[in-house]
Amino acid sequence: MTERGFETLQIHAGAQPDPATGARQTPIYQTTGYVFRDVEHAAALFDLKEVGFIYSRLTNPTVAVLQERIATLEGGTGAVCCSSGHAAQIMALFPLMQPGCNVVVSSRLYGGTITQFSQTIKRFGWTARFVDFDDTDAIAAAIDDSTRAVFCESIANPEGHLFDIPAIAKVTSKAGLPLIVDNTTATPYLCKPIEMGATLVVHSTTKYMTGNGTVTGGCIVDSGTFDWSASAKFPSLSEPEPAYHGLKFHETFGHMAYVFHGIAVGLRDLGMTMNPQAAHYTLLGLETLSLRMERHVANATRVAEWLENHPAVESVSYAGLASSPQHDLQQRLYPKGASALFCFALKDGYDACVRAVEKLELISHVANLGDSRSLIIHSASTTHRQLDEKQQVAAGAGPNVLRLSIGIETVEDIIADLEQAIS
Ligand SMILES: *Cc1c(COP(=O)(O)O)cnc(C)c1O
């Protein structure tokens with residue numbers, strides 16, 4: 001299948017007619033357990049000597065199709081799905097980190113991720129160092145002997161700020177560290193971080209990948225290219241694992257070591273499992289990913305251009321605008337578009353934002369993005385509420401800023417709704 005086009009792969013990768021029934025669409029394998037052929041088969045599965053289905057906390061055939069589909073679309077060697085995007089982030093870091101270690105992260109991130117990284121991971125003895133990822137020297141300067149990973153979003157929530165992934169990957173590979181890219185807002189249709197040098201890609205499949213606001217989910221894709229044994233920094237992958245009779249994941253599974261660890265240790269012990277119903281909805285959504293993203297980009301471009309010329313609007317952050325300082329980067333690295341998530345600032349400040357949100361009729365006030373419906377949120381009073389004003393501004397979520405996630409409705413209707421709300 002490797003030579004086939006994106007539009008083919010988003011429908012077919014990982015799936016085949018059901019061997020038991022011939023069902024053409026991937027069935028929802030709504031089961032927790034799987035019957036072992038015999039005791040020897042069961043023992044081989046538990047020892048990781050044979051790959052197969054044991055229990056749905058670890059593996060499930062519907063989820064397995066989704067894992068292979070996302071891995072294929074991202075150009076990775078394999079993937080692990082989990083219960084949400086936030087679960088994917090913890091699961092991605094888990095094999096890499098130990099108490100006392102740090103991860104160097106972009107200051108422009110989804111608000112919930114800033115909270116997860118600045119507060120919650122401290123309970124595991126991990127810390128995050130927040131740096132401006134437009135400044136590659138600052139990334140290099142923040143890395144020390146205790147750094148185990150570097151993390152950023154390709155198209156950053158909430159402003160739709162684009163990052164130069166190849167430049168960032170150069171810094172991390174020089175430091176001998178894995179680069180983790182959250183590709184939620186871009187999707188593999190607009191950006192392929194692995195081709196640009198990323199080691200791991202994480203997703204909140206809750207957003208554009210599913211595309212209709214039905215289920216939460218997450219995914220971690222491994223490029224399969226990182227040498228986990230090149231240093232002593234990643235003992236979970238390079239050293240004997242006591243729970244599997246001293247098996248060494250990297251030595252035994254090679255380019256699949258990280259993915260197998262994610263399932264056999266990560267899902268086994270953290271239990272952040274994606275359920276087969278969620279995988280089904282996401283598989284359906286992925287079938288139209290390219291079509292939806294094209295329309296999302298076209299609509300977002302029209303709306304951003306309209307907003308930019310509106311007298312009540314102070315600024316628009318969309319990187320797809322010809323006037324954007326990021327326009328050259330967009331043309332070079334994100335030629336199919338800058339997704340459909342961006343912010344605009346109103347001249348009249350916080351109160352005008354609150355008034356506009358209340359007047360909108362078609363566009364819903366929702367803490368989600370990447371839906372077929374257009375959504376808006378006033379980040380400063382919601383998703384970025386836990387941050388102080390300095391952090392809010394650094395994250396692109398100042399008090400007079402509204403975040404839009406432009407849907408795939410008739411674009412004139414989206415503009416008309418904004419017009420009546422902000423004029
Ligand atoms: C929503 C989001 C997350 C968190 O994902 P959930 O599925 O809500 O847990 C992480 N990163 C980005 C960029 C997101 O938009």
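Residue numbers start at 1 and run along the sequence shown. Only a predicted model underlies this, so the values are computations on that prediction, with no experimental measurement involved.
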List, one per line, each side-chain donor-acceptor pair under 3.5 Å for residues 188-203, sequence neighbours excluded.
residue: Tyr189; atom: OH; partner: Glu294; partner atom: OE2; Å: 2.7
residue: Thr199; atom: OG1; partner: Leu179; partner atom: N; Å: 3.0
residue: His203; atom: NE2; partner: Glu74; partner atom: OE2; Å: 2.7

Shortest non-hydrogen pair, Leu341 vs Leu369, comes out as CD1-CB, 4.0 Å
His327 (side chain) donor-acceptor with Leu321 (main chain) under 3.5 angstrom: yes
Donor-acceptor pair, side chain of Gln10 and main chain of Ser290, under 3.5 angstrom: yes
Looking only at heavy atoms, the pair that brings Ala142 and Arg129 closest together is O-NH1, 2.8 Å
With sequence neighbours excluded, tell me which residues meet salt bridge (Lys or Arg N to Asp or Glu O under 4.0 Å) with Arg373. Asp371
Rounded distance (nearest 0.5 Å) linking atom OH of Tyr110 with atom OG of Ser204: 7.0 Å
Kindly indicate, with the supporting measurements, whether the criterion side-chain contact (heavy atoms from CB on, under 4.5 Å) is fulfilled by Leu307 and Ile422. CA-CA 10 Å; Leu307 281 169; Ile422 65 173; 3.9 Å; yes
Which heavy atom in Thr59 sits nearest to a heavy atom in Ile54, and how many Å separate them? OG1-N, 4.0 Å
Ile143 and Leu177: which non-hydrogen atoms are nearest, and at how many Å? CG2-CD1, 3.6 Å
Short question: side chain of Thr172, backbone of Ala169 - any donor-acceptor pair under 3.5 Å? yes
Worked verdict on Thr184 versus Glu153 for side-chain hydrogen bond (donor to acceptor under 3.5 Å, both in side chains): CA-CA 8 Å; Thr184 298; Glu153 293 172 5; over 6 Å; no
For a 4.5 angstrom cut-off between non-hydrogen side-chain atoms, does Leu48 reach Phe253? yes
Aromatic ring proximity, centroids under 6.0 angstrom, Phe151 and Phe117: yes
Distance-only, no hydrogens or angles: does the Arg148 side chain make a donor-acceptor pair with backbone N or O of Cys101 under 3.5 Å? no
Might you work through the side-chain contact (heavy atoms from CB on, under 4.5 Å) test for Leu404 and Leu418, ending with a clear yes or no? CA-CA 11 Å; Leu404 277 170; Leu418 284 165; 4.3 Å; yes
More than 12 foreign heavy atoms under 6.0 Å from CD of Glu389: is that the case here? no
Determine whether Arg268 and Tyr55 make a side-chain contact, defined as any pair of heavy atoms from C-beta on separated by less than 4.5 Å. no
Side-chain contact test, heavy atoms from C-beta onward, threshold under 4.5 Å: evaluate it for Asp222 versus Met256 and give yes or no. no
Working to the nearest 0.5 Å, report the span between CZ of Arg302 and CD1 of Ile415. 5.0 Å
Please indicate whether Lys170 has more than 12 foreign heavy atoms, meaning atoms of other residues, nucleotides or ligands, lying under 6.0 Å from its NZ. no
Answer whether the closest heavy-atom distance between the side chains of Cys82 and Met274 falls below 4.5 Å. no
What heavy-atom pair brings Ser372 and His296 nearest, and what distance separates the two atoms? CA-CE1, 4.4 Å
Can you find a heavy atom in the side chain of Lys248 that is under 4.5 Å from one in the side chain of Ser229? no
Report the distance from atom CD1 of Ile70 to atom CG of Leu283, rounding to the nearest 0.5 Å. 8.0 Å
Output yes when a side-chain donor or acceptor of Thr288 lies under 3.5 Å from a complementary backbone atom of Gly285, and no otherwise. yes
Are any non-hydrogen side-chain atoms of Thr113 and Asn157 less than 4.5 angstrom apart? no
Between Ser364 (side chain) and Val366 (backbone), is there a donor-acceptor pair under 3.5 Å? no
Using a 3.5 Å distance criterion without hydrogens, assess whether the side chain of Thr210 forms a donor-acceptor pair with backbone atoms of Asn212. no
Consider only side-chain N and O atoms of Gln25 and Glu287, and report whether a donor and an acceptor are under 3.5 Å apart. yes
Apply the side chain to side chain contact (heavy atoms under 4.5 Å, CB included) test between Tyr258 and each candidate in Ile220, Thr77, Val221; give the one that qualifies. Ile220
Step by step, work out the ring pair (Phe, Tyr, Trp, His ring centres under 6.0 Å) result for Phe133 and His161. CA-CA 11 Å; Phe133 269 47; His161 188 87; over 10 Å; no
Quick one: SG on Cys353 to CZ on Arg403, what's the gap to the nearest 0.5 Å? 13.5 Å
Would you find a donor on one side and an acceptor on the other, under 3.5 Å apart, between the side chain of Gln330 and the backbone of Leu162? no
Tell me whether the count of non-hydrogen atoms from other residues, nucleotides or ligands lying under 6.0 Å of CG in Asp145 goes above 12. no
Atom CZ of Arg108 and atom CZ of Phe130: how far apart are they, to the nearest 0.5 Å? 14.0 Å
Could you tell me whether the side chain of Phe94 reaches within less than 4.5 Å of the side chain of Ser236, counting heavy atoms only? no
For a 4.5 angstrom cut-off between non-hydrogen side-chain atoms, does Phe163 reach Asp134? yes
Is there a side-chain contact (heavy atoms from CB on, under 4.5 Å) between Ile165 and Leu333? Walk through the geometry before answering. CA-CA 9 Å; Ile165 305 295; Leu333 293 180; 5.7 Å; no
Minimum heavy-atom distance between Val401 and Cys343, given as atom pair plus value: CG1-CB, 3.4 Å
side-chain contact (heavy atoms from CB on, under 4.5 Å), that's the test. Do Asn275 and Val215 meet it? Break it down for me. CA-CA 10 Å; Asn275 67 74; Val215 285; over 6 Å; no
Decide yes or no on side-chain hydrogen bond (donor to acceptor under 3.5 Å, both in side chains) for Asp132 and Ser107, but give the supporting numbers first. CA-CA 6 Å; Asp132 175 1; Ser107 52; 5.1 Å; no
Using a 3.5 Å distance criterion without hydrogens, assess whether the side chain of Asn60 forms a donor-acceptor pair with backbone atoms of Pro276. no
Gap separating the OG1 atom of Thr136 from the CD1 atom of Ile168, nearest 0.5 angstrom: 8.0 Å
Can Tyr29 and Phe53 be said to form a ring pair (Phe, Tyr, Trp, His ring centres under 6.0 Å), step by step? CA-CA 11 Å; Tyr29 285 91; Phe53 298 102; 7.8 Å; no
Quick one: does any side-chain atom of Glu241 pair with a main-chain N or O of Leu247 as donor and acceptor, under 3.5 Å? no
Taking the six-membered ring for Trp, are the ring centroids of His261 and Tyr244 within less than 6.0 Å of each other? no
